[in-house]
Number of protein chains: 2
Amino acid sequence: MDEIDLKILAALQQAPDLSQRELAERVSLSQNACWRRLRKLEESGVIVGRSLRLDRSALGLDLIVFAMLRTRSHSADWLEKFRRHVATIPEVIDFYRISGDYDYMLKIAARDMASYDRVYQRLIEKVELDNVTSYFAMEAIFDNRPLPLR
Amino acid sequence: MDEIDLKILAALQQAPDLSQRELAERVSLSQNACWRRLRKLEESGVIVGRSLRLDRSALGLDLIVFAMLRTRSHSADWLEKFRRHVATIPEVIDFYRISGDYDYMLKIAARDMASYDRVYQRLIEKVELDNVTSYFAMEAIFDNRPLPLR
DNA sequence: AGTGAAAGATTATGTCG
DNA sequence: CGACATAATCTTTCACT
């Protein structure tokens, strides 16, 4: 990964729908050379893929909640069971294990409070949780910005 | 937005690189009809765009931190200044205003602890913050899953 | 690794039910 | 609004430096 690769990534982060021709132009390379670099970035896994950005509001997902969880049990078995359980809840869109006075951070997209409460009930039904703190998003100032390269 | 539109969105969330032909096939529509629906979804803003998914580790961004901030001042002026300040820090990839005992939730991608500390210093240098709690991600179990449609 | 050009696919448009 | 055919564009491969 050299300078040019970083330029390619930066350009595509900023404008993912660039055509090969436009991209090549921006990084001052022939279309073909640029295409081969892009292919390598994909094959090597630096580019994991693409994703669709949807307007949550337009889909009625107006409630974003950050739930911090403290767990009681920590056996390997329990953790595995917990993960599989969380994975079955589609409203959970991010799921991080963290350090500090909580063990997990979940980002949840729900239609409304009633819908969130159902997610919450599902979260606690199967597993023994010590503490759940929910932070409700009042406003997404920004979300999923380009990663800082270099 | 009818059933078919939802099918289109679901298919594209799951496989954003589908060609028009493949997509049309999956939703049982002619290529052209599917294309026009897709166009409408883009024009109406339901589809905001696409984004590149990069492997953070491959880029050396091994440290993900969730920083919860409690602010001291809350005047409109102050808030505006605070937002503009945060926007200048590229490591901050998510920025939410939340309810509860913190006011803001930031997701930060940094190379390492020293790099995070510089972000932290920049965060607190310009604005009067009451409290900053940093949760360090130990593991991303999942991130940016498809939104639950319907 | 890079370039230019041509073959192969895909996307966007026009026309008609 | 949907289907089918065609023009325009973009992607991928080839031959060569």
Side-chain angles (χ1 to χ4, degrees), chain A residues 1-61 111 143-150, chain B residues 1-61 111 143-150:
Chain A
M1 279 240 308
D2 59 8
E3 284 301 311
I4 301 176
D5 283 340
L6 286 173
K7 264 177 109 172
I8 290 176
L9 295 177
L12 282 181
Q13 280 205 116
Q14 198 242 316
D17 292 324
L18 241 38
S19 74
Q20 302 282 8
R21 186 180 49 77
E22 288 169 312
L23 178 61
E25 202 166 307
R26 288 209 195 181
V27 301
S28 314
L29 229 57
S30 75
Q31 174 178 304
N32 181 303
C34 186
W35 178 79
R36 283 200 309 242
R37 276 172 178 272
L38 191 57
R39 196 167 196 279
K40 268 199 185 161
L41 288 167
E42 274 162 3
E43 277 172 1
S44 68
V46 175
I47 295 176
V48 176
R50 286 147 207 276
S51 63
L52 208 62
R53 296 174 76 93
L54 300 180
D55 183 324
R56 289 186 196 122
S57 240
L59 297 165
L61 296 165
R111 307 191 81 75
D143 186 56
N144 245 304
R145 282 218 295 196
L147 292 177
L149 306 176
R150 98 199 10 261
Chain B
M1 276 240 309
D2 59 8
E3 284 301 311
I4 300 177
D5 283 340
L6 286 173
K7 264 176 109 173
I8 291 176
L9 295 177
L12 282 182
Q13 279 204 118
Q14 197 242 316
D17 292 324
L18 240 38
S19 74
Q20 303 282 11
R21 188 181 49 77
E22 290 168 311
L23 178 61
E25 202 166 311
R26 288 208 195 182
V27 301
S28 314
L29 230 58
S30 74
Q31 173 184 304
N32 176 297
C34 187
W35 179 79
R36 284 202 306 243
R37 274 173 180 271
L38 192 57
R39 196 166 195 279
K40 268 199 186 161
L41 287 167
E42 274 162 3
E43 277 173 1
S44 68
V46 176
I47 295 176
V48 177
R50 285 146 206 279
S51 64
L52 209 61
R53 296 174 76 92
L54 300 180
D55 183 324
R56 290 187 194 120
S57 241
L59 295 166
L61 296 166
R111 308 192 79 75
D143 186 56
N144 244 301
R145 282 218 295 196
L147 292 177
L149 307 176
R150 99 197 8 262

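Keep in mind that the numbers below use all heavy atoms, side chains included, and drop hydrogens, waters and symmetry copies. Every chain is numbered from 1, with letters handed out A, B, ... down the list of sequences.
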> How close or far is atom C1' of D/dT9 from atom CG of A/L18, stated in whole angstroms?
Replying inline: 14 Å

> Does a sphere of radius 6.0 Å around CD in B/Q13 hold more than 12 heavy atoms from other residues, nucleotides or ligands, not counting ones at 6.0 Å or beyond?
Replying inline: yes

> Taking atom P of C/dA1 as reference, at what distance in whole Å does atom CD1 of A/I8 sit?
Replying inline: 12 Å

>> Tell me the interatomic distance from A/N32, atom CG, to D/dT17, atom C1', rounded to whole angstroms.
In response: 13 Å

> In whole angstroms, how far is the P atom of C/dA1 from the CE atom of A/M1?
Replying inline: 14 Å

>> From CG of B/L38 over to C1' of D/dC1, roughly how many Å is that when rounded to an integer?
In response: 16 Å

> Which whole-number value in Å describes the distance from A/E3 CD to C/dG2 C1'?
Replying inline: 18 Å

>> What contact category does B/R37 fall into here, base, sugar-phosphate, or nothing, at under 4.0 angstrom with non-hydrogen atoms?
In response: sugar-phosphate

> Please give, in whole Å, the distance from C/dG2 P to A/R36 CZ?
Replying inline: 7 Å

>> On DNA chain C, does the nearest nucleotide to A/I4 precede the nearest nucleotide to B/S19 from the 5' side, or the other way round? Give the residue.
In response: A/I4

>> Taking the side chain as everything from C-beta on, heavy atoms only, tell me whether A/R56 gets closer than 4.5 Å to A/D143.
In response: yes

>> I need the CD-P distance between B/Q20 and D/dC4, as an integer number of Å.
In response: 17 Å

> Out of C/dT13, C/dG2, C/dT3, which nucleotide sits closest to the side chain of A/S30?
Replying inline: C/dT3

>> Just N and O in the side chain of B/W35: are any of them under 4.0 Å from OP1 or OP2 of C/dT11?
In response: no

> So does A/Q31 get a side-chain nitrogen or oxygen closer than 4.0 Å to the phosphate oxygens (OP1/OP2) of D/dT11?
Replying inline: no

> When you measure from the side chain of A/A33, which nucleotide among C/dG2, D/dA3, C/dA5 comes out closest?
Replying inline: C/dG2

> Counting distance only, does the side-chain N/O of A/R111 pair as donor-acceptor with the main-chain N or O of A/L59 below 3.5 Å?
Replying inline: yes

> Does any N or O in the side chain of B/R50 come within less than 3.5 Å of the main-chain N or O of B/P16, such that one atom is a donor and the other an acceptor?
Replying inline: yes

>> Please determine whether a side-chain nitrogen of the Lys or Arg among B/E43 and B/R36 lies less than 4.0 Å from a carboxylate oxygen of the Asp or Glu.
In response: no

